[in-house]
Amino acid sequence: VTVKGSIGQSINPTAVPVVLRDPVDDSFARDIMGRGDIADVEAAANDTSLYLCINLDKDASGQMVYDVALHGIGMQRGRVHIAKYTVRLQPPDRVKVLNVNGIESVEIPADLHFKAHGRSLRLEVPRSLLGNARVVLLAVSSTFHGLTVDKTAYKVLRLSK
């Protein structure tokens, strides 16, 4: 198969190196840093906290930023209430909580805890930050100097009371 180029010459597609692939292997993450490839996310909750363990393919790096998007959905005064926050993690222990538009920092609750340990980022989020929601939408992404390296789809977490 040949494709006509913009100046009329023929281009052999097999001679052009592939620059984009389906991210099944997330090779871009490994090429950039090898530290931003999100393997999986584990979640658990009790009455007071949501616990997350973000597992990476390689050890966490302080040059990467890992954003945890949390959208707590619940009822307040008979109306649907959505609490939207991003918890920004930067190993080994830097953490910031951003409001819905991701620009302004909010005060970090005393009971929010973060620890990077090898290939795992462990986060404890107080359910009060999420409006004590029973449903939470969760997504995680990693960036390197503002460039998105890996990103999960949103996952619906159904929490007990």
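All of these numbers come straight from a predicted model, not from anything done at the bench.
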Q. Are any non-hydrogen side-chain atoms of Y66 and P91 less than 4.5 angstrom apart?
A. yes
(Q) With a 3.5 Å distance limit and no angle check, can you tell me whether Q90 reaches the backbone of G62 through a side-chain donor-acceptor pair? (A) yes
Q: To the nearest 0.5 Å, tell me how far L130 CG sits from H81 NE2.
A: 9.5 Å
Q: Give a yes or no answer on whether the side chain of D111 reaches the backbone of P126 with a donor-acceptor pair at less than 3.5 Å.
A: no
Q: Supply the atom-to-atom distance D40 CG to N55 CG, rounded to the nearest 0.5 angstrom.
A: 4.5 Å
Q.
Less than 4.5 Å apart, side chain to side chain, heavy atoms only: is that true for V97 and T86?
A. no
Q | Student check: side-chain heavy atoms of V136 and L159 closer than 4.5 Å | A | yes
Q) Taking the side chain as C-beta and beyond, is there a heavy-atom pair between R127 and T48 under 4.5 Å? A) no
Q. Does H71 have its ring centroid less than 6.0 Å away from the ring centroid of Y154?
A. yes
Q: Please confirm whether the backbone N or O of C53 pairs with a side-chain atom of R122, one donor and one acceptor, at under 3.5 Å?
A: no
Q) After noting the C-alpha distance and the side-chain angles of V80 and I73, does the key distance pass the side-chain contact (heavy atoms from CB on, under 4.5 Å) rule? A) CA-CA 7 Å; V80 174; I73 304 170; 4.2 Å; yes
Q | Rounded distance [0.5 Å steps], CD in E42 versus CD1 in I54 | A | 10.5 Å
(Q) Please determine whether residues L121 and V65 belong to a single hydrophobic cluster, defined as Ile, Leu, Val, Met, Phe, Trp and Tyr linked transitively by side-chain heavy-atom distances below 4.5 Å. (A) no
(Q) Can you give me the closest heavy-atom contact between D59 and R119, atom names plus distance? (A) OD1-CG, 3.4 Å
Q. Are any of the side-chain heavy atoms of D67 and L98 separated by less than 4.5 Å?
A. no
Q) In this structure, are over 12 heavy atoms from other groups packed under 6.0 Å from H117 atom NE2? A) no
Q: Return yes if some donor-acceptor pair links the side-chain N/O of R94 with the main-chain N/O of R88 below 3.5 Å, else return no.
A: no
Q. Any side-chain heavy-atom pair from V68 and L52 closer than 4.5 angstrom?
A. yes
Q. Can you tell me how far CG of D37 sits from CG of L56, rounded to the nearest 0.5 angstrom?
A. 8.0 Å
Q | Pair S142-D150, side chain to side chain donor-acceptor pair (under 3.5 Å): steps then yes or no | A | CA-CA 5 Å; S142 61; D150 202 3; 5.4 Å; no
Q) Hey, any chance I108 and L50 share a hydrophobic cluster, counting ILVMFWY side chains that come within less than 4.5 Å of each other, even indirectly? A) yes
Q. Is a donor on one side and an acceptor on the other found under 3.5 Å between the side chain of T143 and the backbone of T148?
A. no
Q: Flag the pair Y85 / L129 as yes when at least one side-chain heavy-atom distance between them is below 4.5 Å, and no otherwise.
A: yes
(Q) Just so I know, are the side chains of L138 and V41 near enough to count as touching, which here means a heavy-atom distance under 4.5 Å? (A) yes
Q. So among L157, L70, V156, which one has a side chain to side chain contact (heavy atoms under 4.5 Å, CB included) with L137?
A. V156
Q.
To check you understand the geometry: which heavy-atom pair defines the closest contact between L123 and F114, and what is its length?
A. CD1-CB, 4.1 Å
Q) Do you know the tightest heavy-atom contact between S49 and E124? A) OG-OE2, 2.9 Å
Q. By side chain to side chain donor-acceptor pair (under 3.5 Å), which residues pair with S141, not counting sequence neighbours?
A. none
